[in-house]
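Comments concern the structure below.
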Amino acid sequence: QVQPVESGGGSVQTGGSLRLSCVGSGDTTNKMYCMGWFRQAPGKERGGIASIRHDGITTYAPSGKGRFRNSRENANNTLYLQMKGLEPEDTGTYYCVIAWGVPCPPPPRWVRLGPDDYWGQGTQVTVSS
């Protein structure tokens, strides 16, 4: 069992920046896991932002390309999402997800990482115009 715990959300104005963090607590002895960020925006379906393999290879979903940077520190079981140039459409709850034994990145629909993935509680990002 592993529990991702997100932090770093907040309220910013258009053009602002935030850095989200996620720490995977629990049994993470096996470092060969995929980590990812998903977003639930108000009134919209949940969608993917980015995923990253244990070796650091990152893939961005369309929503995460250009202004977001994904990184991880295996020694600390930590995932980061640096967000710059934030826009109101970036508003939503951002979830950190961890999964073993899954394709990383996930399939193109970016619904989730896998059937046995672990989700954090989410951190809220609000961007005002």
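Side-chain atoms of Arg53 and Tyr33, non-hydrogen and from C-beta on, never get closer than 4.5 Å to each other. By the 4.5 Å heavy-atom criterion applied to side chains, Val111 and Glu45 are not counted as neighbours. Annotation: side chain of Val2 is in contact with side chain of Trp100 (closest heavy-atom distance under 4.5 Å). For the pair Gln3 and Val5, the minimum side-chain heavy-atom distance is below 4.5 Å. A heavy-atom distance below 4.5 Å is found between the side chains of Leu18 and Val125. Residues Tyr118 and Gln1 meet the side-chain proximity criterion, which asks for heavy atoms closer than 4.5 Å.
Thr93 and Gln124 share a donor-acceptor pair across their side chains, judged by distance under 3.5 Å alone.
Hydrophobic clustering, defined by side-chain heavy atoms of Ile, Leu, Val, Met, Phe, Trp and Tyr closer than 4.5 Å, leaves Tyr60 isolated from every other such residue.
Here the NZ-CD1 distance, from Lys65 to Ile49, works out to 12.5 Å after rounding to the nearest 0.5 Å. To the nearest 0.5 angstrom, Phe38 atom CZ is 11.0 Å from Ser63 atom OG. To the nearest 0.5 angstrom, Cys22 atom SG is 5.0 Å from Ile98 atom CD1. The distance from the SG atom of Cys104 to the NE2 atom of His54 is 9.5 Å, given to the nearest 0.5 Å. Separating the OH atom in Tyr95 from the CD atom in Gln121 is a distance of 8.0 Å, to the nearest 0.5 Å. If you take CG on Asn74 and CE on Met32, they are separated by 10.0 Å, rounding to the nearest 0.5 Å.
Linking Ile, Leu, Val, Met, Phe, Trp and Tyr residues whenever their side-chain heavy atoms come within less than 4.5 Å leaves Leu20 and Tyr80 in two separate clusters.
Screening Leu79, Ile57, Leu81 against Ile52 for a side chain to side chain contact (heavy atoms under 4.5 Å, CB included) leaves a single residue, Leu79.
Counting all heavy atoms, side chain and backbone alike, Thr78 lies closest to Met35 at C-CE, 4.4 Å. What you find for Pro106 and Ser51 is that their closest heavy atoms are CD-OG, 3.9 Å. The minimum heavy-atom distance between Val102 and Gly114, with the atom names listed, is CG1-CA, 3.9 Å.
Applying the salt bridge (Lys or Arg N to Asp or Glu O under 4.0 Å) test to residues at least two apart or on different chains, the pairs with a partner in residues 115-129 are Arg112-Asp117. Every pair tested for side chain to side chain donor-acceptor pair (under 3.5 Å) that includes a residue from residues 5-20 fails, sequence neighbours excluded, so the list is empty.
Using modelled atom types, no side-chain atom of Thr91 and backbone atom of Thr126 make a donor-acceptor pair closer than 3.5 Å. Remark: the backbone N or O of Lys44 is paired with a side-chain donor or acceptor of Gln40 at under 3.5 angstrom.
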Applying side-chain contact (heavy atoms from CB on, under 4.5 Å) to Arg67 and Glu87, what does each step give before you reach the verdict?
CA-CA 10 Å; Arg67 296 176 291 113; Glu87 302 170 352; 4.0 Å; yes
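The local environment of NZ in Lys31 is crowded, with over 12 non-hydrogen atoms from other residues, nucleotides or ligands closer than 6.0 Å. By the neighbour-count criterion of 12 heavy atoms within 6.0 Å, atom CZ of Arg69 is sparsely surrounded, having that number or fewer from other residues, nucleotides or ligands.
A distance of 6.0 Å or more separates the ring centres of Tyr94 and Trp37.
For the pair Arg46 and Trp119, the cation-pi criterion (under 6.0 Å, within 45° of the ring axis) is fulfilled.
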